[in-house]
Amino acid sequence: STNATQSVSPVIGVIGGSGLYDIAGLENKEWRKVETPWGAPSDELLFGTLDGVRCVFLPRHGRGHPLPPSRLNYRANVAAMKIAGVTDIISLSAVGSLREDLPPGHFVIVDQFIDRSFAREKSFFDTGCVAHVSVADPVCPRIGDVAQAKLAELGVPHTRGGTYLVMEGPQFSTRAESELYRSWGCAVIGMTNMPEAKLAREAEICYATVAMVTDYDCWHDGHDSVTVDAVVKVMHDNADHARALVKAMIPELGKARGLCPAGCDRALEHALITAPSH
Ligand code: ADE
């Protein structure tokens, strides 16, 4: 119910992209299988505590047996987080850059998405009842504030705000597509954060994306030809920064708080919902 004095003991969920397979400093670790009505998530979930804060980690593509973006069960991944009691999700993702001022190694605290994915289940409300949640503001600004503060403290180059174009993949974009997305004002491009963000909103879980730039996609012709060594080094540095970021964010996000000021945790109160049919 909506009660301004309601107190929340946060449980922090972390969805790790390629290169991030655990939470640094996590204690009382236990990998546990979580079943959902939507099937199996990408992997077992890693439960633990950090500074006394309950945490749950999910490797988005699974450990060892990487699943491509189109094969992920996004509903099971988000449902498993909900079943595990997660209140706040930090989503980390490798992305390509669509802007000159966002070079490899740069982190972007995304505030908008354009969802061009198509071969994925995108809603928990596909049978029985109908809900239309608002995703006008698809990320939780409270989590973004914490990410921004901690990236500044860590000295990681970052930008607050930017639109993440979600493509289906698995192939990268054509040059024409890349230029189209640039003309739309997009900042970064990736393959996984939708429908993840929409589903988190339907599940009333606060959610924010920290996008880690690995490359300039194909539009950028002014840079040195990419070498595998350079890309591997960027991904390695990004993963180190991501681990430090998550470790710093968890104690802050884990503090007892009231309901989310942005209302992410009450998204269904404002959705149109039809009663289940009999
Ligand atoms: N992930 C990392 N780099 C990418 C790119 N250029 N396009 C789509 N997804 C990406």
Side-chain angles (χ1 to χ4, degrees), residues 14-21 42 58-62 65-72 74 77 90-120 122 138-139 147 151 156-159 162-198 207-243 245-246:
V14 178
I15 302 181
S18 319
L20 193 71
Y21 296 102
S42 297
L58 174 66
R60 183 181 287 112
H61 301 276
H65 303 280
L67 295 162
S70 304
R71 293 267 177 258
L72 298 183
Y74 293 91
N77 285 355
I90 308 168
S91 158
L92 291 144
S93 302
V95 295
S97 170
L98 297 170
R99 278 186 3 210
E100 186 79 52
D101 63 325
L102 305 174
H106 205 89
F107 281 33
V108 180
I109 303 160
V110 169
D111 65 353
Q112 281 295 333
F113 295 94
I114 293 178
D115 183 7
R116 296 252 307 174
S117 70
F118 48 84
R120 307 169 183 194
K122 297 196 183 190
V139 298
L151 285 168
V156 177
H158 63 281
T159 297
T163 299
Y164 176 137
L165 187 297
V166 187
M167 62 177 296
E168 184 62 38
Q171 302 85 1
F172 291 121
S173 308
T174 65
R175 218 181 300 281
E177 288 164 339
S178 196
E179 289 296 357
L180 176 67
Y181 306 149
R182 276 166 52 69
S183 78
W184 289 349
C186 297
V188 295
I189 180 165
M191 301 178 188
T192 58
N193 275 220
M194 282 295 187
E196 204 173 81
K198 287 173 176 169
Y207 178 99
T209 292
V210 178
M212 309 175 289
V213 175
T214 57
D215 56 83
Y216 266 122
D217 204 40
C218 62
W219 63 272
H220 194 294
D221 49 22
H223 65 109
D224 297 340
S225 53
V226 181
T227 66
V228 171
D229 282 356
V231 171
V232 168
K233 179 167 188 326
V234 168
M235 287 188 61
H236 189 86
D237 290 351
N238 283 354
D240 284 349
H241 287 154
R243 265 186 290 276
L245 174 64
V246 166

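The structure displayed is predicted, hence computed values, not measured ones. For ligands, and for the atoms within them, numbers begin at 1 and follow the listed sequence. If you read the sequence from its start, that first residue is 1, and numbering goes on from there.
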Trainee: Under 3.5 Å between any N/O of Gly96 and any N/O of ligand 1: does that happen in this structure?
Mentor: yes

Trainee: Can a donor-acceptor pair be found, under 3.5 Å and without considering hydrogens, that links the side chain of Thr209 to the backbone of Ser91?
Mentor: no

Trainee: Is Arg99 reaching over with its side chain to a backbone N or O of Ala187, donor-acceptor style, under 3.5 angstrom?
Mentor: no

Trainee: With backbone taken as N, CA, C and O and side chain as the heavy atoms from C-beta onward, which portion of Asp215 lies under 4.0 Å from ligand 1: side chain, backbone, both, or neither?
Mentor: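 Side chain only.
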
Trainee: Donor-acceptor check, side chain of Tyr216 to backbone of Glu100, threshold 3.5 angstrom: yes or no?
Mentor: yes

Trainee: Give the residue and atom name of whichever protein heavy atom lies nearest to atom 1 (N) of ligand 1, and the separation in Å to one decimal.
Mentor: Ala94 O, 3.5 Å

Trainee: Would Lys233 and Asp237 pass as an ion pair if we require N to O under 4.0 Å?
Mentor: yes

Trainee: Under a 4.0 angstrom heavy-atom cut-off, which atoms of ligand 1 come close to Met167?
Mentor: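 Near Met167, meaning under 4.0 Å from one of its heavy atoms, ligand 1 has 8 (C).
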
Trainee: Any atoms of ligand 1 less than 4.0 Å from a non-hydrogen atom of Met191? List them with their elements.
Mentor: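 Near Met191, the atoms of ligand 1 are 8 (C), 9 (N).
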
Trainee: Using a 4.0 Å heavy-atom cut-off, which part of Ile189 comes near ligand 1: side chain, backbone, both, or neither?
Mentor: both

Trainee: Using a 4.0 Å cutoff against the non-hydrogen atoms of Asp217, which atoms of ligand 1 qualify?
Mentor: 5 (C), 6 (N), 7 (N)

Trainee: To the nearest 0.1 Å, how far is atom 7 (N) of ligand 1 from its closest protein heavy atom, and which atom is that?
Mentor: Phe172 CD2, 3.4 Å

Trainee: Out of Arg120, Glu196, Lys122, Lys198, which residue meets the side-chain hydrogen bond (donor to acceptor under 3.5 Å, both in side chains) rule with Tyr74?
Mentor: Arg120

Trainee: Enumerate the atoms of ligand 1 whose separation from the nearest heavy atom of Thr214 is less than 4.0 angstrom.
Mentor: 2 (C), 3 (N)

Trainee: Name the residue from Asp115, Ile189, Val110 that meets the side-chain contact (heavy atoms from CB on, under 4.5 Å) definition with Tyr164.
Mentor: Val110

Trainee: Measuring only between side-chain heavy atoms, which start at C-beta, is Pro68 closer than 4.5 Å to Met191?
Mentor: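 The answer is no; the side chains never approach within 4.5 Å.
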
